[in-house]
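What follows is a short report on a single structure.
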Amino acid sequence: MIDPSTVRSPGRLGLRTVAGLLWRAGVLAWRAQPGSVLAQGALTILQGLLPVAAAWLTKLVIDGLSGDAGSGAVVTFALSLAAVGVLAVVVPHALRYAQNELGRSVTRLANRQLYDAVNRFVGLRRFEDPAFRGRLQLAETAGRQAPGQLLRTGLGVAQGAITMAGFLGTLLATSHWMALAVAAAALPTLRAELALSRGRADMLWQVNHSTRREFFYAQLLTSIQAVKEVRLFGLGGFLRGRMLRELATVHAANRRMDRRELGTQGLLGLLGALVAGTGLVWAISAARGGALTVGDVSVFVAAVAGTQAALGTIVGDTADAHHSVLTFDHYQAVVRAAPDLPLAAVPAPVAPLQRGIELRDVWFRYDDGHPWVLRGVNLTIPRGAAVALVGLNGAGKSTLVKLLCRFYDPARGSVHWDDTDLRVLSVEELRRRIGAVFQDFMTYELSARENIGFGDLASLGDEARVRGAARWARIDDGLASLPKGYDTLLTRTFFDEDDRADPDTGVFLSGGQWQRVALARAFLRDDPDLLILDEPSSGLDAEAEYDIHERLRRYRAGRTSVLISHRLSTVRDADLIVVLSGGEVVERGTHPELLALRGHYARLFDLQARGYAAQPPATVVGPRSAG
Ligand SMILES: Nc1ncnc2c1ncn2[C@@H]1O[C@H](COP(=O)(O)OP(=O)(O)OP(=O)(O)O)[C@@H](O)[C@H]1O
């Protein structure tokens, strides 16, 4: 299996790998549309034979006119030549139609396979790996284009070979030496073209990072999320400069490649002209000496030109096919990538939570070279308990809840759902039992209904449930009064197809309104076994925050939940408060117990309480002194 984390240069693939990739591309094209593959094959053979037929019919017409053939025969040859001419016009169009049809089918199939593969990555690691993201970007293009291109170029090679065989046969009949010279000139051409194509694939891989960064800066310059800061901080010129710098890197690499190509193609052209010129001189002198008829000279000239053109097609298409194979490697690497998290061969079903969730000596870091984020955490979240996680920025709170959802596995230790290690459970079932509002929740540029309905796809069309969840999050009135109610798009980047007549109906929501939508989405899921709330009210006004927390407090009573909040007034009612510091659990207990302990929690609580008191605190804790 290809490991996508191995960053190899695509230009260095072995023969066996290339053969394997060719086979898989062929299978993909065949599965996408076998009829079109067969039609292309038949049309290609026809197209390959047409130039040879035209050259021979021309010779027969010329010799018939200058010799003693009957006029009936000449007319037949001329009509056949006309028919070949018609076919020469029609066949390329029919071929292009078949190629486009196949291209569309392959794109659909390749996209389905690619995004199926992407959806199979149940964890987050692959999405945070720059090398993998680079492959993914190339795979998106290669998957769409490479199989169709490979078929087109493969058939192009076949067509060239048919034409060339026909003309070489013709040349052999007139001059063995000429046939040999034309065939010999093909070898250096083929070699040089393959080297060029490998060079281009290498170059594309090397500038992939710059290409992605250029795209990133270009997007920042127009992104609706970035537009405020870009304007306020005057970043426009700076970002444009960076974008152009990346573009210059990409262009420089392309230019180097273009120059190499120009030099090589010039030399190859010279070689071709030399062979053709020598042949022409020989044919004219042979005709003068009476060894060839005028028709022979005509078919000879057509054969030299036709062989060289066919050779050009073969060489060009082989180089293109070689390039497509190399880029198709990226597609295969993604589609055949191993799972990012080890999955049990037969995952155990996830039963409703009975006793609780337990972290046993959990150590975690985001990468081997990174510092530990969680250091030997032991923690039990009993069923039915409201647990609060508190601690300074970067203490590891969000990381801990990501492990509960099994977005990553611990490096050491384990997480248990009622004594069963999460690693043996079905990930999908586990996640169906969890409801969550993440700190960096999504704002989907879709309708209000979809933004809430995504919390439980089965309820997407259930108006009463969607509105019930929105009512719970106190956003129902706001959404119902939008121009198209719940069908209003919560974006002004796109407009609905149905909205073409009035594309101005999309709206922007405020930060707090978005947070309510995210809460409604989490609460659409029916009674989850575990509810995760990571800073669920940071964007709400004081009244709404109080109101939501009162509701959450009632909702959480008797349900298993983990709440992360920096506002300690909102966690004081929790059954268990856990204080994380530097990835370790440093305190745990109820609010009164932790206050009595006079430790981290009490210090943070005092600081916040003093912030609300009439008198300002003696020491001001600013960003610098807070550390
Ligand atoms: N995807 C990631 N890749 C690498 N490092 C990460 C990633 N996510 C978080 N970290 C690092 O892990 C540490 C803990 O982050 P985490 O988000 O868990 O902290 P937190 O306690 O939730 O902080 P906050 O209160 O600011 O939300 C931080 O040092 C952060 O830089």
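Note that ligands are numbered from 1 as they come in the structure, with each ligand's atoms numbered from 1 the same way. Everything numeric here is computed off the predicted structure, so don't read it as measured data.
Between Y366 and Y408, the ring center distance clears the sub-6.0 Å criterion.
A donor and an acceptor atom, one from each side chain of H600 and S581, are nowhere located under 3.5 Å apart. Looking at E593 and Y601, their side chains never bring a donor and an acceptor atom within 3.5 Å of each other.
The 12-atom threshold is exceeded at CZ of F508, counting heavy atoms of other residues, nucleotides or ligands nearer than 6.0 Å. Residue E229 qualifies as open at atom CD: its count of foreign heavy atoms under 6.0 Å is 12 or below.
Taking a heavy-atom cut-off of under 4.0 Å, ligand 1 is surrounded by E128, Y366, V373, L392, N393, G394, A395, G396, K397, S398, T399, K402, Y408, Q439, H566.
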Please table the atom pairs, donor to acceptor, closer than 3.5 Å between any side-chain atom in residues 437-446 and protein atoms at least two apart or in another chain.
{"residue": "Q439", "atom": "OE1", "partner": "S398", "partner atom": "OG", "Å": "3.3"}
{"residue": "E445", "atom": "OE2", "partner": "T491", "partner atom": "OG1", "Å": "3.3"}
{"residue": "E445", "atom": "OE2", "partner": "T493", "partner atom": "OG1", "Å": "3.0"}

